[in-house]
Number of protein chains: 2
Amino acid sequence: MRIAEAALRCGLSVDTIRYYEKSGIVPEIRRGPDRQRRFSAENIEWLTLLFWLRGTGMPMKTMYRFASLYRAGDHTIPDRKQVLLAHAEHLKKRRSDLDRCEEVLARKLAIYKDHEG
Amino acid sequence: MRIAEAALRCGLSVDTIRYYEKSGIVPEIRRGPDRQRRFSAENIEWLTLLFWLRGTGMPMKTMYRFASLYRAGDHTIPDRKQVLLAHAEHLKKRRSDLDRCEEVLARKLAIYKDHEG
DNA sequence: TACCAAGCTGGAGCAACTTCAGGTCAAGGC
DNA sequence: GCCTTGACCTGAAGTTGCTCCAGCTTGGTA
């Protein structure tokens, strides 16, 4: 699979995929004889994970650490697990931020209540 | 109130407050005879709103629009209401992103299930 | 053979901060 | 009276994470 289709499947843009590869947070994207990228099912799996991690605020540094652990082999699985568990904790924080922001908006909107629009 | 206390109260950093003022998204911060900023209760209210809006992903452009509407007077209240309602919609989208990311993490973690850590 | 779409690289541009260098100003200590 | 300290100031440079662009290659079609 080429980069355009990969982008459609994982949710990232073509440019972002190239940028992520250059940044070393996507392991081993093969090249064809034409020097163009060919994406495997695992590549797509990985990129899709990155799509969700970045969309929920994981910094590239952390993604880089995750990718490095992956490259280091199976014995790093406990560490990788920790990275994902820490992010799951972070999601909780984000959720409570959403709750709090909703309250703030509701309060503001209540003040505007008598106005049309 | 000076900038250090204002930062503590609204959640933004001192630098971010200055940056926001310079960007024109905070209406009228008074200065003392020493040319330093003095924050009113309304300033804190406003900055606190900005804190929550940025923390949930509102772009500066939109904040700028909101501030401009505010400066233009009470007749813009319906428009301001629209900005906040649109952001409330955006929060829903964010929430479903969190849900989706939690699923993805759970799936990954399940694969790692037999490893300690 | 000429052209077109899709892909490539390196580099510039951008949003939203963050950090830094260098300076002012009021208050407290000697 | 002077010196130091700490909070604050400004303008500018640096950082992160993309996003866009110019100019080139390559494979397929007419």
Side-chain angles (χ1 to χ4, degrees), chain A residues 1-26 28-40 43-44 46-68 83 87 90 94 97 101, chain B residues 1-26 28-40 43-44 46-68 83 87 90 94 97 101:
Chain A
M1 184 190 325
R2 328 264 261 181
I3 199 166
E5 195 187 341
L8 285 177
R9 297 215 183 183
C10 71
L12 297 168
S13 75
V14 165
D15 279 317
T16 302
I17 292 174
R18 287 202 273 250
Y19 171 66
Y20 279 6
E21 185 197 25
K22 192 156 56 179
S23 307
I25 65 176
V26 191
E28 43 176 8
I29 299 173
R30 286 196 341 274
R31 301 284 177 133
D34 53 4
R35 297 185 177 182
Q36 298 186 356
R37 295 173 184 83
R38 295 298 140 79
F39 294 79
S40 67
N43 286 153
I44 300 302
W46 188 273
L47 290 169
T48 304
L49 177 61
L50 293 187
F51 171 80
W52 289 107
L53 294 178
R54 77 132 186 205
T56 51
M58 180 180 285
M60 300 253 316
K61 229 176 208 171
T62 311
M63 295 187 201
Y64 185 79
R65 173 162 154 70
F66 189 71
S68 301
V83 172
H87 192 65
H90 172 80
R94 288 232 151 186
D97 283 353
C101 186
Chain B
M1 183 191 323
R2 327 263 258 173
I3 199 165
E5 194 187 341
L8 285 178
R9 296 216 183 182
C10 71
L12 296 168
S13 75
V14 165
D15 283 314
T16 302
I17 293 174
R18 287 201 273 252
Y19 171 66
Y20 278 7
E21 186 198 24
K22 191 155 58 177
S23 308
I25 65 175
V26 192
E28 43 176 8
I29 298 172
R30 286 196 342 272
R31 299 287 178 131
D34 53 2
R35 299 184 177 182
Q36 298 185 358
R37 296 172 184 84
R38 295 298 139 78
F39 295 79
S40 67
N43 285 153
I44 301 302
W46 188 273
L47 289 169
T48 304
L49 178 61
L50 293 187
F51 171 80
W52 289 107
L53 294 178
R54 78 132 185 202
T56 52
M58 181 180 284
M60 300 251 318
K61 231 176 206 172
T62 311
M63 295 187 200
Y64 185 80
R65 173 163 154 69
F66 189 71
S68 301
V83 172
H87 192 64
H90 172 80
R94 288 233 150 186
D97 282 353
C101 186

Is the closest side-chain heavy-atom distance between B:Y20 and B:T16 below 4.5 Å? yes
Under 4.0 Å between a side-chain N or O of B:R35 and OP1 or OP2 of C:dT24? no
Among C:dT18, D:dG17, C:dG7, the nucleotide that comes nearest once only the side chain of A:Y19 is considered: D:dG17
In whole Å, I'd like the distance from the CZ atom of A:F51 to the P atom of D:dG17. 17 Å
Separation of C:dG7 atom P from A:L8 atom CG, nearest Å, is 10 Å
note: A:E21, atom CD; D:dC18, atom C1'; distance rounded to Å ~ 16 Å
Does B:R18 reach a base, just sugar-phosphate, or nothing at all? Heavy atoms under 4.0 Å. base
Consider the side chain of B:K22, meaning its heavy atoms from C-beta on, and name the nucleotide among C:dC17, D:dG11, D:dC9 that approaches it most closely. D:dG11
B:D34 and salt bridge (Lys or Arg N to Asp or Glu O under 4.0 Å): which partner among B:R37, B:R38, B:R31? B:R38
Name the nucleic acid region contacted by A:R54, choosing base, sugar-phosphate or nothing; use a 4.0 angstrom heavy-atom cut-off, strictly under. sugar-phosphate
Does a donor on one side chain and an acceptor on the other come within less than 3.5 Å for B:T56 and B:H87? yes
Taking for each residue the nucleotide of DNA chain C bearing the nearest heavy atom, is the 5' side occupied by B:P33 or by A:R31? A:R31
May I ask you to verify if any side-chain N or O of B:T16 is less than 4.0 angstrom from the OP1 or OP2 atom of C:dT18? yes
Out of C:dC25, C:dT18, D:dT26, which nucleotide sits closest to the side chain of A:D34? D:dT26
Figure out the CD1/C1' separation between A:I29 and C:dG7, and round it to whole Å. 13 Å
Can you tell me the distance, in whole Å, between the OH atom of A:Y64 and the C1' atom of D:dT16? 16 Å
Rounded to whole Å, the CE-P distance (B:M63 to C:dC17) equals 6 Å
Could you check whether any side-chain heavy atom of B:R94 comes within less than 4.5 Å of a side-chain heavy atom of A:R94, counting everything from C-beta outward? yes
A:M60 has an atom CE; how far is it from atom C1' of D:dT15, in whole Å? 12 Å
Judged by nearest nucleotide, the residue sitting upstream toward the 5' end of DNA chain C, A:V14 or B:M58, is A:V14
Within this structure, what is the CZ-to-C1' distance between A:R2 and C:dC8, rounded to whole angstrom? 11 Å
Phosphate OP1/OP2 of D:dT10: any B:R37 side-chain N/O under 4.0 Å: yes
Let me know which of A:L47, A:N43, A:V26 forms a side-chain contact (heavy atoms from CB on, under 4.5 Å) with A:I17. A:L47
Counting any heavy atom closer than 4.0 Å, what does A:D15 reach on the DNA or RNA strands: base, sugar-phosphate only, or nothing? base
